[in-house]
Amino acid sequence: QVQLVESGGGLVQAGDSLRLSCAASEEMFSRYGMGWFRQAPGKEREFVATIIRSNTRTYYASSVKGRFTISRDNAKNTVYLQMNSLKPEDTAVYYCAATIDYGLVSRASRYDTWGQGTQVTVSS
């Protein structure tokens, strides 16, 4: 079973950048599709971005399209979320997740394993 640990969150100002990392303990990391989700207080967990296991296709929520970039390094068992031009509405706990399903998976229920989350706070 893959285990995930997020890092890289913090407090930044609007317009700043952050890079989140998600390290997996599973050697078969390359067999999993990976996704990033976020959850703000009082809101449902929402999809942010996903990347297929081959690292050739990505998909983003409209709210982050053009600002965020998901990538993965299968040799290091790590997935990243580069966040640029951050806005206060990006404030949330960010979670990485792994899915055995094939394709650009955006539904949280299709992900099998979740990390503990890392807090991202963007001030104006």
Side-chain angles (χ1 to χ4, degrees):
Q1 181 180 354
V2 63
Q3 297 181 10
L4 308 174
V5 179
E6 303 96 333
S7 62
L11 174 63
V12 298
Q13 293 182 310
D16 286 350
S17 298
L18 279 175
R19 189 185 73 163
L20 306 183
S21 298
C22 177
S25 60
E26 171 60 53
E27 292 186 359
M28 303 301 292
F29 172 78
S30 62
R31 295 184 179 271
Y32 292 83
M34 299 296 298
W36 285 97
F37 292 77
R38 66 187 183 186
Q39 187 168 22
K43 297 183 178 180
E44 296 286 338
R45 185 168 299 185
E46 65 175 342
F47 168 77
V48 175
T50 188
I51 185 167
I52 63 173
R53 63 189 69 177
S54 67
N55 201 18
T56 58
R57 293 186 65 193
T58 58
Y59 178 69
Y60 300 90
S62 60
S63 59
V64 306
K65 181 72 174 180
R67 298 188 297 119
F68 291 9
T69 302
I70 186 172
S71 61
R72 65 190 296 162
D73 186 340
N74 288 344
K76 297 178 64 176
N77 292 344
T78 302
V79 63
Y80 305 95
L81 184 68
Q82 178 66 46
M83 304 184 294
N84 298 327
S85 301
L86 283 163
K87 305 175 181 179
E89 51 263 45
D90 295 319
T91 296
V93 177
Y94 283 71
Y95 300 88
C96 65
T99 177
I100 302 178
D101 290 353
Y102 178 82
L104 297 171
V105 179
S106 61
R107 186 178 292 274
S109 62
R110 294 180 61 189
Y111 284 81
D112 309 291
T113 304
W114 295 80
Q116 301 91 339
T118 184
Q119 177 71 46
V120 173
T121 303
V122 184
S123 64
S124 59

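Computed from a prediction, not measured in an experiment: that's the story for all the values here. Below, each value reflects all heavy atoms present in this structure, side chains not excepted, and no hydrogens, waters or symmetry copies.
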Shortest non-hydrogen contact between [X] and [Y], atoms and distance:
| X | Y | value |
| --- | --- | --- |
| Y102 | R110 | O-NH2, 4.0 Å |
| K87 | V122 | O-CB, 3.3 Å |
| V79 | F29 | N-CZ, 4.1 Å |
| N84 | S17 | OD1-OG, 2.9 Å |
| A14 | S124 | CB-CA, 4.3 Å |
| I52 | G103 | CG2-O, 3.4 Å |

- Task: Start with the C-alpha distance between Y60 and T69, add both sets of side-chain angles, then the distance that settles side-chain contact (heavy atoms from CB on, under 4.5 Å), and finish with yes or no.
- Result: CA-CA 8 Å; Y60 300 90; T69 302; 3.8 Å; yes
What's the spacing between [X] [atom1] and [Y] [atom2] if we round to 0.5 Å?
| X | Y | atom1 | atom2 | result |
| --- | --- | --- | --- | --- |
| R57 | T50 | CZ | OG1 | 10.5 Å |
| S71 | R19 | OG | CZ | 7.5 Å |
| S85 | D16 | OG | CG | 9.5 Å |

So, do [X] and [Y] sit near enough that their side-chain heavy atoms are less than 4.5 Å apart?
| X | Y | value |
| --- | --- | --- |
| R38 | S63 | yes |
| S30 | R53 | no |
| L20 | F68 | no |
| E6 | W36 | yes |
| I100 | Y32 | yes |

- Could you walk me through whether F37 and W114 pass ring-ring contact (aromatic ring centres under 6.0 Å, His included), step by step? CA-CA 10 Å; F37 292 77; W114 295 80; 5.0 Å; yes
- Within a radius of less than 6.0 Å around CD of Q3, do more than 12 heavy atoms belonging to other residues, nucleotides or ligands occur? no
- Message: Counting neighbours of CD on Q116 that are heavy atoms of other residues, nucleotides or ligands and sit closer than 6.0 Å, is the number greater than 12?
- Response: yes
In this structure, would [X] and [Y] fall into the same cluster of hydrophobic residues linked by side-chain contacts under 4.5 Å?
| X | Y | answer |
| --- | --- | --- |
| V48 | L86 | yes |
| Y80 | I51 | no |
| F47 | I70 | no |
| Y95 | V105 | yes |
| L18 | M34 | yes |

- Which residues, ordered by chain and number, are linked to V5 in its hydrophobic cluster, where ILVMFWY side chains connect at heavy-atom gaps below 4.5 Å, directly or through other members?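 Its cluster mates, by chain and number: none.
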- Check: K76 main-chain N/O paired with T78 side-chain donor or acceptor under 3.5 Å: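 Yes: the side chain of T78 pairs with the backbone of K76.
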- Message: Between M83 and V120, is the side-chain contact (heavy atoms from CB on, under 4.5 Å) condition met? List the steps.
- Response: CA-CA 10 Å; M83 304 184 294; V120 173; 3.9 Å; yes
